[in-house]
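The structure appears right after this line, and notes come after that.
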Amino acid sequence: MGKVIAIANQKGGVGKTTTAINLAASLAATEHPTLLMDIDPQANCTSGVGVETDEGDPSVYEVLIGEVEAPDAITTTEMPFLDMMPSHIDLVGAEIEIIDEAQREKLLSAALPPVRRKYDFIVIDCPPSLGLLTLNSLTAADSVLIPVQAEYFALEGLGQLLNTIKIVRQHLNAGLEIEGVLMTMFDTRLRLSNQVADEVRRYFGERVFETIVKRNVRLSEAPSFGKPALLYEASSRGAQNYVALAREILENNAMEVGTAPLRNGEASGETPTPSPPPDDQETLTDAIGERSPESEADSAPSADGLSI
């Protein structure tokens, strides 16, 4: 069964879609069959890999409302080992259409089993909200990757997101873990970037990825050409940052890196058989923690207090 990773943060503009596209492409470059799923009505992830959807083409919208099976909504991309389940503007109305459905938070989870058997990784690009679409993604996911922009305002919404993850674990998906926290749009010239990074590390500890995605023009240009950065300019710093992130995720999940040279994305050799995640991974049992105001004032939050 493939591992499902949701890319989530209710704050917009923190690099969710960029991360989803380039992480999925980098995992595919390691010869791990990967599905990129766009559950954001803006469909930027879909266009960002060069997939065009016409009226009537099956998308994640038809999967959620039960009109088509998940495998029928999947299309191939320009990149080997990378497939796409596209989004469509019709997804805007999905939350209203499914509001009266029984088990409405589990519609995506119920649709994914036939797909999970085909892929090593499924990467879900969530919308910038904590509505039903994001809840469906978190309920279907094995883990959540949280992109955090290296700016002060990016920190303010983390508590709300972590509280949502806590609720999802308690009521919908007990196995949901934090895959990691990814610093994005990092500018080494700014003292603020380093201060935000220090604060995130102090809060999340080892759950912060060693990889940092630095500001890079090529990352911004690639979507306009409908390509992941690896296909647009593989030697760019942004592309190599996401290659490093993919390696880190594979190592954290005890999975092999394929023989493909990641620098240019060319694939060769057989697809390695994935190994299960390690059994000793801790889970998010208390995202926020029940700290008194006095204790919050006396000591900074730590990873131990989060139990992640």
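For the numbers below, each heavy atom of this structure counts, side chains included, while hydrogens, waters and symmetry mates do not.
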Test side chain to side chain donor-acceptor pair (under 3.5 Å) applied to Asn44 - qualifying residues, sequence neighbours left out
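None.
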
Just to verify, what does Asn216 make a side chain to side chain donor-acceptor pair (under 3.5 Å) with, not counting sequence neighbours?
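Side chain to side chain donor-acceptor pair (under 3.5 Å) list for Asn216, sorted by chain: empty.
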
From [atom1] ([X]) to [atom2] ([Y]), nearest 0.5 Å:
{"X": "Ile249", "Y": "Glu179", "atom1": "CD1", "atom2": "CD", "value": "5.0 Å"}
{"X": "Leu27", "Y": "Phe81", "atom1": "CG", "atom2": "CZ", "value": "12.5 Å"}
{"X": "Glu95", "Y": "Leu133", "atom1": "CD", "atom2": "CG", "value": "4.0 Å"}
{"X": "Met183", "Y": "Asn194", "atom1": "CE", "atom2": "CG", "value": "9.0 Å"}
{"X": "Leu245", "Y": "Ile212", "atom1": "CG", "atom2": "CD1", "value": "11.5 Å"}
{"X": "Arg116", "Y": "Leu35", "atom1": "CZ", "atom2": "CG", "value": "11.5 Å"}

Closest approach of [X] and [Y], non-hydrogen atoms and distance?
{"X": "Thr184", "Y": "Val14", "value": "OG1-O, 2.6 Å"}
{"X": "Tyr119", "Y": "Val115", "value": "CD1-O, 3.3 Å"}
{"X": "Pro147", "Y": "Asn9", "value": "O-ND2, 2.8 Å"}
{"X": "Leu176", "Y": "Leu138", "value": "CD1-O, 3.7 Å"}
{"X": "Pro228", "Y": "Val49", "value": "CG-CG1, 4.4 Å"}
{"X": "Ala8", "Y": "Leu161", "value": "O-CD2, 3.7 Å"}

Does [X] reach the main-chain N or O of [Y] with its side chain, forming a donor-acceptor pair under 3.5 Å?
{"X": "Asn163", "Y": "Gly159", "result": "no"}
{"X": "Ser87", "Y": "Asp40", "result": "yes"}
{"X": "Arg169", "Y": "Ala174", "result": "yes"}

Determine the sole option in Asp72, Thr46, Val63 for which the side-chain contact (heavy atoms from CB on, under 4.5 Å) test with Met85 is passed.
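Between Met85 and the candidates, side-chain contact (heavy atoms from CB on, under 4.5 Å) is satisfied uniquely by Val63.
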
Hey, is CD on Gln195 packed in by over 12 heavy atoms from elsewhere, all under 6.0 Å?
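Buried by this count: over 12 neighbours within 6.0 Å.
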
Contact between Tyr232 and Leu219 at the side-chain level, heavy atoms closer than 4.5 Å - yes or no?
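Sidechains of Leu219 and Tyr232: no contact.
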
Residue that, paired with Tyr242, satisfies side-chain hydrogen bond (donor to acceptor under 3.5 Å, both in side chains) out of Thr18, Thr19, Asn22
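Result for side-chain hydrogen bond (donor to acceptor under 3.5 Å, both in side chains) with Tyr242: Thr19.
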
